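Model, not experiment: these values are computed from the prediction. Just so it is clear: chains get the letters A, B, ... in the order the sequence lines come, proteins before strands, and each one is counted from 1.
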Number of protein chains: 2
Amino acid sequence: MRVTLRDVARLSSVATKTVSRVVNNQGEISKATRQRVQAAIEQLGYRPNILARSLVSQRSDTLAVVASGLEYYGPSHTLVGIEQQSYDLGYSLLLSLLPRPDDTNVSPVLDAFVARRVEGVIWAVPEIGDNRAWIQSDLLDRLPPIVFLSMEPRPGLSVVAVDNQTGAVQATQHLLDQGRRKIGVITGPLAWWEARERYVGWQDTLLRAGMRVSPSLVVNGDWSAASGEQGMRKLLEQQPDIDAVFACNDQMALGALGIAHQSGRCIPRDLAIVGFDNIPESAYFWPPLTTVYQQLVDVGRIAVQVLHKLVEARRHSEDGVELAATVLKPELVIRASSLQTPRQV
Amino acid sequence: MRVTLRDVARLSSVATKTVSRVVNNQGEISKATRQRVQAAIEQLGYRPNILARSLVSQRSDTLAVVASGLEYYGPSHTLVGIEQQSYDLGYSLLLSLLPRPDDTNVSPVLDAFVARRVEGVIWAVPEIGDNRAWIQSDLLDRLPPIVFLSMEPRPGLSVVAVDNQTGAVQATQHLLDQGRRKIGVITGPLAWWEARERYVGWQDTLLRAGMRVSPSLVVNGDWSAASGEQGMRKLLEQQPDIDAVFACNDQMALGALGIAHQSGRCIPRDLAIVGFDNIPESAYFWPPLTTVYQQLVDVGRIAVQVLHKLVEARRHSEDGVELAATVLKPELVIRASSLQTPRQV
DNA sequence: TTGTAAGCGTTATCAC
DNA sequence: GTGATAACGCTTACAA
């Protein structure tokens with residue numbers, strides 16, 4: 001049943017090493033031998049066993065990715081980039097999902113990776129609360145190279161992230177440029193690093209413009225459209241003369257749009273709304289949503305490129321590879337939900 | 001640097017087999033020895049090498065999944081179910097993405113799986129055109145057990161799928177029940193099996209109700225919101241007295257909603273709209289969208305459960321395991337976009 | 001250009 | 001209870 005290199009060698013009357021050479025296209029082999037071997041491979045239906053090869057060559061050609069919230073727009077797009085680049089570089093990809101992104105018990109999944117001798121790890125779980133605490137532990141020393149996504153860059157770690165703060169600045173500045181003066185914000189859960197960055201971007205932009213940042217302009221959401229609805233209701237209550245809202249993702253913006261309509265406001269005339277993420281649906285909201293586009297597929301691709309360099313460096317036992325952060329700038333996508341000049345009071 | 005079983009054995013003055021027993025919790029071992037071994041493991045930072053284990057035990061405890069379109073709602077949710085169930089059953093999961101779902105050149109990715117000796121494969125690529133042609137080839141014989149998702153059930157294959165036709169029937173019947181009489185459809189790309197099923201469900205329901213199925217009630221979309229817009233425009237042109245539309249996914253329904261509004265129609269009074277998928281945003285469309293919910297996470301979980309049984313059967317070389325199809329029934333989620341009785345003409 | 005021997009890190013077999 | 005020894009399927013020296 002199981003066909004091995006030896007079987008092929010026997011059938012084609014050569015040494016196993018010769019078959020190995022044919023399979024891996026290495027060394028000089030006479031045409032006749034090669035053809036004979038290939039015929040035997042064909043005939044027996046031989047498939048090389050990469051596990052055995054890994055054992056002796058000390059390389060698994062496998063990367064692993066730990067992700068969370070794959071149901072959502074961001075993580076799934078990043079994963080696409082990770083997979084594509086891994087494939088392009090010849091790696092297999094092992095996938096592990098954390099059921100809860102704020103999970104702090106990460107050693108089981110990491111142990112499994114080490115046991116399988118993966119050559120590198122992409123940590124694609126958003127930074128929430130202290131779910132990065134394990135980085136301080138000695139766990140990290142026993143691990144292969146690892147690249148972190150969506151987290152605060154810090155020295156000694158390879159991080160690839162989008163500059164959320166700049167994105168929020170772009171969104172808020174755009175609203176200012178459109179003549180808006182009472183700009184509220186619906187934040188994400190502030191335990192999330194990304195949510196904090198977006199909030200700070202909003203805040204800084206207003207302060208730099210010499211405006212007051214009243215607490216009545218701030219409500220907290222949880223990324224869901226339901227929380228966007230709730231947040232919008234609260235904002236309209238706390239600050240009836242509000243003329244713009246920066247919702248920290250598109251789902252919350254969607255919820256906010258609905259409530260704004262229900263309150264009888266015309267968008268963007270009475271109230272401008274800007275989101276974050278540029279989910280495909282946002283171009284078809286009513287009105288189409290101005291939002292911040294992040295190149296999440298690129299984040300994934302770049303992460304694997306960085307990881308690949310770390311893996312290569314370790315293979316050649318180069319020391320002192322500088323671990324740096326790669327930060328991508330997002331882009332504002334301007335649509336109807338923010339475009340009209342506000343009505344003069 | 002590399003610590004092996006032998007190193008541990010040496011340090012704790014036992015045989016390698018004993019260490020192996022301790023690591024795998026098998027056989028009877030005296031408390032003293034176990035502790036001594038565990039201390040050595042701890043001290044050396046020993047991590048078992050699963051690759052080596054797989055080589056001798058002839059099992060990799062690894063499944064593989066081939067998916068496509070992970071950026072979209074359906075595939076990403078199914079993948080979540082697949083990963084969760086794989087983890088629960090103790091398998092590692094290898095992920096491969098097909099850049100184009102209609103790709104017909106699948107042997108590279110399958111070869112890679114065979115080379116890695118995965119014990120089973122989940123084929124989570126939608127059936128499009130003849131992208132199932134390879135199943136007829138001898139490729140299948142050399143493969144480990146494989147479970148197919150989202151495809152027409154056929155004898156000799158394990159398939160797990162949602163009953164798209166029934167979903168479409170539910171949607172269309174609901175519109176009939178609401179008193180609608182001119183019910184159009186915006187289909188998905190008809191090369192897709194799922195799109196055809198939904199189309200047939202719409203058609204059959206109308207025919208069974210004794211209604212005519214006019215070509216002017218049918219337009220073809222490509223799943224995108226843009227195609228939903230375009231389709232809606234065409235429908236309104238071809239059949240101005242249309243009073244309901246079944247859009248074959250929520251994105252197209254979103255596009256249709258926008259155009260319907262722009263045409264001055266009030267939804268649901270003048271025009272009822274129903275979608276398919278129940279993406280989270282659909283509950284916040286304007287108006288909230290009636291749609292068909294598929295338990296896609298369950299599809300993934302069940303697929304792995306089925307696969308697990310096949311793997312076990314092969315291990316014990318049980319023959320004649322019946323390969324059956326598992327079909328899940330979707331559920332209609334009724335919201336405002338279809339609820340109101342139409343205006344009496 | 002091709003072959004031989006050793007070994008990668010584990011588990012299975014069968015002794016003790 | 002524990003230990004020697006032979007696999008598992010492949011590649012890397014080194015030899016011919």
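Legend: salt bridge (Lys or Arg N to Asp or Glu O under 4.0 Å) pairs involving residues 46-66 of chain A, not counting sequence neighbours, sorted by first then second residue: A:Arg47-B:Asp111, A:Arg59-A:Asp61, A:Asp61-A:Arg315. For residues 130-140 of chain B, the set of pairs meeting the salt bridge (Lys or Arg N to Asp or Glu O under 4.0 Å) definition, not counting sequence neighbours, is empty.
Rotation axes derived from the C1' atoms of the five outermost pairs at either end of the helix from C:dT1-D:dA16 to C:dC16-D:dG1 lie 30° apart, to the nearest 10°.
Not counting sequence neighbours, A:Tyr46 has no partner by the ring pair (Phe, Tyr, Trp, His ring centres under 6.0 Å) test. Listed by chain and number, the residues in a salt bridge (Lys or Arg N to Asp or Glu O under 4.0 Å) with B:Arg36 amount to none (sequence neighbours excluded). For the ring pair (Phe, Tyr, Trp, His ring centres under 6.0 Å) test, residues two or more places apart in sequence or in another chain that qualify with B:Tyr73 are B:His77. Residues meeting the ring pair (Phe, Tyr, Trp, His ring centres under 6.0 Å) test with A:Tyr72, sequence neighbours left out: none. For A:Arg10, the side chain to side chain donor-acceptor pair (under 3.5 Å) partners two or more places apart in sequence, or in a different chain, are A:Asp7.
Note: CG (A:Leu44) to P (D:dG9) measures 14 Å, nearest angstrom. One can place CG of B:Asp7 at 10 Å from P of C:dC8, the figure rounded to the nearest angstrom. Protein atom CZ of B:Arg10 is 15 Å distant from nucleotide atom C1' of D:dG3, rounded to whole Å.
Looking only at atom types and distance, the side chain of A:Arg116 has a donor-acceptor partner in the side chain of B:Ser92 under 3.5 Å away.
For the pair A:Ser54 and D:dC10, the criterion of a side-chain N or O lying under 4.0 Å from OP1 or OP2 is not met.
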**Nucleic acid footprint by protein, nucleotides 9-16 of chain C - heavy-atom cut-off 4.0 Å, B for base, S for sugar-phosphate alone** = BBBB----
